[in-house]
Amino acid sequence: MPDPIEELRRRVAEAEALGGRASEERQHKQGKLTARERLGLLLDPGSFAEFHLFAESRSSDFGMDKRHSPGDGVVTGSGRIGGQLVFAVAQDFGTLGGSLGETHAQKIVHAIDLAMKAGCPVIQILDSGGARIQEGVRALDGYARIFERNTQASGVIPQLSVILGPCAGGAVYSPAITDFVFMVEGLSKMFITGPDVIKAVTGEEVSFEDLGGAHVHSAVSGNAHFVARDERECFEMIRKLISFLPANNLDDPPLAPAAEWPPEENPALDTIVPTEEKRAYDVRDVIRNVFDAGDFMEVQERYARNIVVGFARLAGRPIGVVGNQPSHLAGVLDIDSSDKLARFVRFCDAFNLPIVNFVDVPGYLPGTHQEHGGVIRHGAKVLFAYSEATVPKVAVILRKSYGGAYIAMCGFGLGYDRVIAYPSAEIAVMGPDGAANIIFRREIGEAADPEAVRKQKIEEYRRLFAKPYTAAGQALVDTIIEPRFTRRELLRAIEMTSRKRQQRPDKKHGNIPL
Ligand code: HXC
C-alpha cells in the first residue's frame, strides 16, 4: 500500500504540472507565461484556492483515453485582488492547445456559478484553440453553457477576459459577452476562423496579427478595451481596473483610502478650453486637472478616439468619465463612438458608477457613409443608454453642445441631475453657420451682397446662442462657473446625488437599438 500522503503529494504535483515541462518551455519560448504563473501575477500572493484540481477529460474518442489531460487544460479557483475576492479561470495551452472539452467547460461554468453566488468579479484568462475537436458536440454544448452563464452574470458581477495567446472560435465569443477584454501586443490573437480557413473559403491571405492582433481589435474592430505591452503590465492593469469596481450590482464602488486630494480650485483649467470654437485641445487635459491625481484609467483608448471614456476618482469615489475629444474629428459623434459611449454608460449604470460628461460636441457626423452605416440606430443607442441610466448623471458643457449630441450628453429631458456650463459654452440646435444658412436662406439669397448678409446673420445667431445664458435663463443649465472651480462643483454635484434612487417600470428588458 503506498503511503496515502505520499500518493496525494505525487498526484497534486502531477496535476499542478498541467501540460508538463515541455509545454512550459514552449510557452516561455513563445514569450508566454503558464496558466499558474499568470494566476500568480493576477492574484494577491497566497490567496489562490483551486477548484477541481484532479478533474480530467472523460472522452475516449480519437485516442483521447490514451492522452493525459491534467485539470483538463484549465485552472480555476478563487483569490484576492487588493484584498477583494474574485474568481478566476486560466486556460493551459499546453494541454491540447487549451481547447475546450466537456470537463474543461464544466470547471469554467462552476467558477462563474460560484462567482455569481458570492457576488464577486470573474476573470477569464484565455489561451485556446476553441472547441475541442475530438469531443465534438459535447465541446459545443460546453461553450453554450459558458455563454449562457456569461449572459446571466452580465450586469450582476463584473466579468473580465484576458486574451493571452491565439484564441479561436468559441474562445472569443465568451470574451465578447463579458464587460472588458484585455490583449497584449504581439501575443494575443482573436478570430472566429484562422488564416487557413479564410484562405480556403475566400482566397484571402492574411497573417494572424493582421487578422486578429491587439492593434486590430483595439483600434479597428473595437473588441478589445485594454492593450498592454507584456503580460506583467496586463495583470497590473487588471488589478487597477478591479480597484474601481464594486464586487456586484448591489454594492457601491470601493472608496479609495483618504489622501491629500488636489485643491478644489485649479487655475490651470481656465486656459485649457480655447474660446475659439474651432480650435482643438485634448479633453484629457481637463479630466486630469479635475479628478484625483494620477487616477484616470482610459477604456478603449485607441478606438473611436473622438470620444474619451474611462474611470477616475473624485475624493476617492470612483466615477465613470466621458469626454468628447475635440482633437480627433472635432469630437463628433459617429457610429463607432456611439457604440463605445453607449456600452460604457450601460456598464457604469449596471455597477453604480456616477457618470460625468465633459461636453464639447458639434453633433453627429453628416454623410452617406454614416447614414448608410446606420448612424440613426447607433446614435439612438446613446440616447437609450443615457435615458435608462439611473446612476447620478452630471454634465459639464465646456464649449459646443449642438443638436442631438446636446440632448444625449447634457439634456435635462434625458434625466440629467446637474448641468454645469463654462462661460464658453454654446448651446443650440446646430452651429451658427449651418443655422444661419437655413433660417435666413431667403434674406441671404435675395441680398445684393449675399456674403455680407450671411456673415451678419451668422453673427446675429451667434450672439444669441453661442453663450450659455440663453439656456440658463430657460432653466436648462443649472449654473455657469469659472473653469477653475470645476472640481468643487463636481464634488457638490456628486454629493447631492449620492443617495439618488430611481425606479423604472417593471419589464423583462428594454429593446436597445442594437
Ligand atoms: C483540439 C486543438 C485545437 C482544437 C489546437 N489544438 N486547437 N486540439 N481542438 N480546437 C491542439 C493541436 O492539435 C496541437 O496538439 C496543440 O493544440 C497546439 O496546436 P498547434 O496548432 O500546434 O499550435 P499553434 O501553431 O500555436 O496554432 C494555434 C492555433 C491552431 C492557431 C489555435 O491550433 C488552430 O488554428 N486551432 C484550431 C482553431 C479553430 O479553428 N478553432 C475553432 C474551433 S470551432 P498537439 O497534440 O499536436 O500538441 C469552435 C466552435 C465554437 O470553437 C463556436 C461558438 C460560437
Side-chain angles (χ1 to χ4, degrees), residues 17-35 56-74 89-106 108-109 112 124-151 161-178 181 183-184 186-202 204-214 216-217 221 223:
L18 297 169
R21 192 93 199 115
S23 96
E24 188 178 321
E25 276 168 12
R26 188 184 144 149
Q27 284 286 101
H28 288 167
K29 227 162 103 191
Q30 293 179 346
K32 302 198 303 186
L33 298 174
T34 65
E56 294 207 18
S57 172
R58 288 186 285 268
S59 175
S60 56
D61 296 332
F62 300 103
M64 283 286 291
D65 47 346
K66 292 177 197 70
R67 293 190 74 151
H68 191 38
S69 67
D72 206 24
V74 64
V89 164
Q91 293 179 315
D92 169 40
F93 194 82
T95 307
L96 296 152
S99 60
L100 183 131
E102 184 187 18
T103 308
H104 185 121
Q106 189 188 345
I108 295 177
V109 163
I112 302 173
Q124 315 183 107
I125 302 170
L126 299 116
D127 191 353
S128 166
R132 188 173 298 155
I133 296 160
Q134 296 89 329
E135 296 200 29
V137 71
R138 290 193 306 283
L140 298 181
D141 179 64
Y143 269 128
R145 287 168 196 276
I146 293 170
F147 301 161
E148 196 270 345
R149 294 317 198 279
N150 286 142
T151 305
S161 298
V162 196
I163 310 295
L164 292 180
C167 285
V172 296
Y173 272 122
S174 171
I177 299 172
T178 63
V181 173
M183 293 182 85
V184 169
L187 204 81
S188 314
K189 319 274 182 279
M190 289 172 86
F191 47 86
I192 305 280
T193 49
D196 290 349
V197 177
I198 291 177
K199 189 166 178 208
V201 176
T202 70
E204 190 186 0
E205 288 194 39
V206 65
S207 69
F208 278 110
E209 191 62 35
D210 290 343
L211 177 63
V216 166
H217 286 305
S221 75
N223 287 327

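Heavy-atom basis, side chains included; hydrogens, waters and symmetry copies ignored. Every number for a ligand or one of its atoms is a count from 1 in the order of the listing.
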To which protein heavy atom is [atom] closest, and what is the distance rounded to 0.1 Å?
atom	result
atom 46 (O) of ligand 1	R67 NH2, 3.0 Å
atom 40 (O) of ligand 1	A168 CB, 4.5 Å
atom 6 (N) of ligand 1	L96 O, 3.9 Å

Taking atom types as modelled, is there a side-chain donor on [X] or [Y] under 3.5 Å from an acceptor on the other?
X	Y	value
Q27	D127	yes
H104	Q91	yes
S57	E102	no

If you measure from [atom] to every heavy atom of [options], which option wins on shortest distance?
atom	options	result
atom 3 (C) of ligand 1	P195, A144, S99, G101	S99
atom 25 (O) of ligand 1	Q134, R26, R132, Q30	R26
atom 53 (C) of ligand 1	S174, G129, G170	G170

To check you understand the geometry: which heavy-atom pair defines the closest contact between [X] and [Y], and what is its length?
X	Y	value
F93	P166	CE1-CG, 3.9 Å
P175	V181	O-CG2, 3.6 Å
P195	F208	CD-CE2, 3.3 Å
R58	T103	N-OG1, 3.9 Å
S174	N150	OG-OD1, 2.6 Å

Region of [X] that comes within reach of ligand 1 [heavy atoms, distance under 4.0 Å]:
X	answer
L140	side chain
I133	both
A131	both

Are there protein heavy-atom neighbours of [atom] below 4.0 Å?
atom	answer
atom 30 (C) of ligand 1	no
atom 21 (O) of ligand 1	no
atom 1 (C) of ligand 1	yes
atom 33 (O) of ligand 1	no
atom 17 (O) of ligand 1	yes
atom 10 (N) of ligand 1	yes
atom 27 (O) of ligand 1	no

Check your understanding: At a 4.0 Å threshold, what atoms of ligand 1 neighbour a non-hydrogen atom of Y173?
Key ->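 Every atom of ligand 1 under 4.0 Å from some heavy atom of Y173: 55 (C).
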Look up atom [atom1] in [X] and atom [atom2] in [Y], then write down how far apart they are to the nearest 0.5 Å.
X	Y	atom1	atom2	value
I163	S128	CD1	OG	9.5 Å
Y173	Y143	OH	OH	12.0 Å
Q124	I112	CD	CD1	5.0 Å

Check your understanding: Any nitrogen or oxygen of G97, main chain or side chain, under 3.5 Å from a nitrogen or oxygen of ligand 1?
Key ->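 Yes: some nitrogen or oxygen of G97 is under 3.5 Å from one in ligand 1.
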Review point. Has ligand 1 got any nitrogen or oxygen that is less than 3.5 angstrom from a nitrogen or oxygen of F93?
Key: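 Min N/O separation from ligand 1 is not below 3.5 Å for F93.
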**Study point:** Salt-bridge contact R145-E148 (side-chain N to carboxylate O under 4.0 Å)
**Key:**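 Salt bridge absent between R145 and E148.
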